[in-house]
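In what follows, a single structure is set out as C-alpha cells and then discussed.
Just so we're on the same page: letters track the sequence lines, and every chain starts at 1.
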Amino acid sequence: MLQQTRVAAVLPYYRRFLRRFPNLKRLAAASEDEVLQAWSGLGYYQRARNMHRAARRIVESGGRFPNEYSAIRALPGIGDYTAAAIASIAFGQPYAVVDGNVIRVLSRILAERGNVRSAPARTRLRKAAEHLLDRDRPGDFNQALMELGATVCLPRTPQCAGCPVAKWCRARRLGIERQLPVRRRPPRIEKATRTLLVVQRNGALLLKRRPVGGQLEGFFELPEPADLPGARLGPKLGEFRHAITRRRYRIRLRAAELDLLPSEFLWLSPDQLNAVPMTTATRKALNQLAGTWKR
DNA sequence: AACTCGGGGAC
DNA sequence: GTCCCAGAGTT
C-alpha cells in the first residue's frame with residue numbers, strides 16, 4: 001500500500017484491509033472484486049491485484065510467507081524496494097531499501113548532483129545505502145533513514161537545525177541542500193513529419209528566407225507545401241532525419257512545379273547557395289539531392 | 001530509459 | 001498549479 005503513497009493516506013485503508021483480510025489464507029480466499037473494493041480510493045489498483053495474486057501463490061505453495069530475499073522479490077508486485085523492506089524489517093536480513101526518502105537523504109548527505117532518475121546516480125545511492133546499512137539492525141536502520149526523510153530531510157524545506165546527521169551532510173556544508181535531489185525529467189520528445197519542396201528553374205533552386213525577428217533570422221531554407229499553395233507536387237526525391245532540441249523530424253523531399261512566381265522567394269544558383277546562411281535541414285536536403293540534382 | 005498507473009496533501 | 005509520495009511492471 002505504501003508504494004508511492006503517503007503513510008497518512010494509507011493508514012485508514014491498512015486498518016480496514018487487515019480487519020477484512022486478517023491473514024494470507026483469508027486474502028487468498030477472497031475474490032479479486034472484494035480485494036479491489038477494499039482498495040478502492042487508494043489508487044494504483046494493480047498493487048491490489050498483485051498482492052492478491054501473491055497471496056494465492058503463497059497459499060498454493062504451502063502457505064508460508066517466503067523468508068529469503070530472492071523468493072520475496074519474485075512475488076508479483078514486489079520489486080527491489082519492497083523485497084528489501086520485507087527482508088530487513090520482517091526477517092532481519094541485511095538488505096538496504098532505496099525509496100524516495102532514502103534517495104533524498106543520501107543525495108544530500110553525499111551531495112549527489114547527478115539526476116537521481118538516471119541509472120548511474122541510482123547505483124551510487126544504492127551502494128551508499130548498502131555501505132551505511134547497520135547489518136545488526138537492518139530493519140531499524142532502513143526505517144530510521146526513511147523516517148528521517150519523511151520528518152526532517154523534507155523535499156523543499158529540510159529542517160537541518162534538527163537533523164541528527166547534519167554535521168556529516170555535504171549538501172548542507174555546500175549550502176545546496178534545497179537544490180537536491182536533482183530529478184530532471186527529460187523534455188518530452190515530439191515527433192513530426194515535414195515536407196520540403198524542391199522547385200527548380202534554369203538550374204536555380206527556389207528558397208525562402210526566414211523573416212526578421214524570429215529564430216534563425218535571415219537563414220535560407222527550402223519551402224514547404226504551406227508556403228506554396230499553388231504548387232503541383234511531383235515525385236519524392238529523398239528522405240532524412242533532422243533533430244531540433246526536443247523535436248525529431250522525418251523530412252521528405254519532393255519535387256514541385258509552379259505556375260505563378262511567388263514574390264517572397266528567391267532563385268539561387270548553386271554558387272549563390274554556397275554563399276548564404278542556410279538551415280541545417282536544408283543543407284542536409286541539398287547534400288542528399290547532390291546525386292539527383294544537377295544544374 | 002521512458003511510460004503508466006491514482007489520489008491526496010503540502011506549498 | 002506543481003511536486004511528490006515507504007514503486008512496479010511493461011515496452
Self-check item: A:Tyr13 and A:Trp39 aromatic centres sub-6.0 Å
Solution: no
Quiz prompt | Crowding at CZ, A:Arg49 (>12 non-hydrogen neighbours, <6.0 Å) | solution = yes
Practice problem: For C:dT10 and B:dG7, measure between their C1' atoms and round to the nearest Å. | Solution: 22 Å
Practice problem: May I ask you to say what A:Ala119 touches in the nucleic acid, namely base, sugar-phosphate or nothing, with a heavy-atom cut-off under 4.0 Å? | Solution: sugar-phosphate
Exercise. Answer yes when A:Arg252 and A:Glu239 have at least one side-chain N-carboxylate O distance shorter than 4.0 Å, and no when they do not.
Key: yes
Quiz item: Hey, is the side chain of A:Thr5 pairing donor to acceptor with the base of B:dG6 inside 3.5 Å?
Solution: yes
Quiz prompt | A:Tyr45 side chain near B:dG7 phosphate (N/O to OP1/OP2, under 4.0 Å) | solution = yes
Quiz item: Can you find a donor-acceptor pair, distance only, under 3.5 Å between A:Arg156 side chain and C:dC3 base?
Solution: no
Practice problem: Identify whether any heavy atom of A:Gly41 sits under 4.0 Å from a base atom; if not, whether one sits that close to sugar-phosphate; answer base, sugar-phosphate or nothing. | Solution: sugar-phosphate
Practice problem: With heavy atoms under 4.0 Å as the rule, sort A:Gln4 into base, sugar-phosphate or nothing. | Solution: base
Quiz item: Taking only N and O in the side chain of A:Arg47, is any of them less than 4.0 Å away from OP1 or OP2 of B:dG6?
Solution: no
Quiz item: Is a salt bridge present between A:Glu60 and A:Arg56, judged by a nitrogen-to-oxygen distance below 4.0 Å?
Solution: no
Quiz prompt | 5'-most by nearest nucleotide on DNA chain B - A:Leu42 or A:Ser118 | solution = A:Ser118
Quiz prompt | P spacing across the pair C:dT11 / B:dG6, given as an integer number of angstrom | solution = 16 Å
Quiz item: Which part of the nucleic acid, if any, lies within contact of A:Arg122, taking any heavy atom under 4.0 Å across all strands shown: a base, the sugar-phosphate backbone alone, or nothing?
Solution: nothing
Quiz item: Is A:Arg184 near enough to C:dC3 that one of its side-chain N or O atoms lies under 4.0 angstrom from OP1 or OP2?
Solution: no
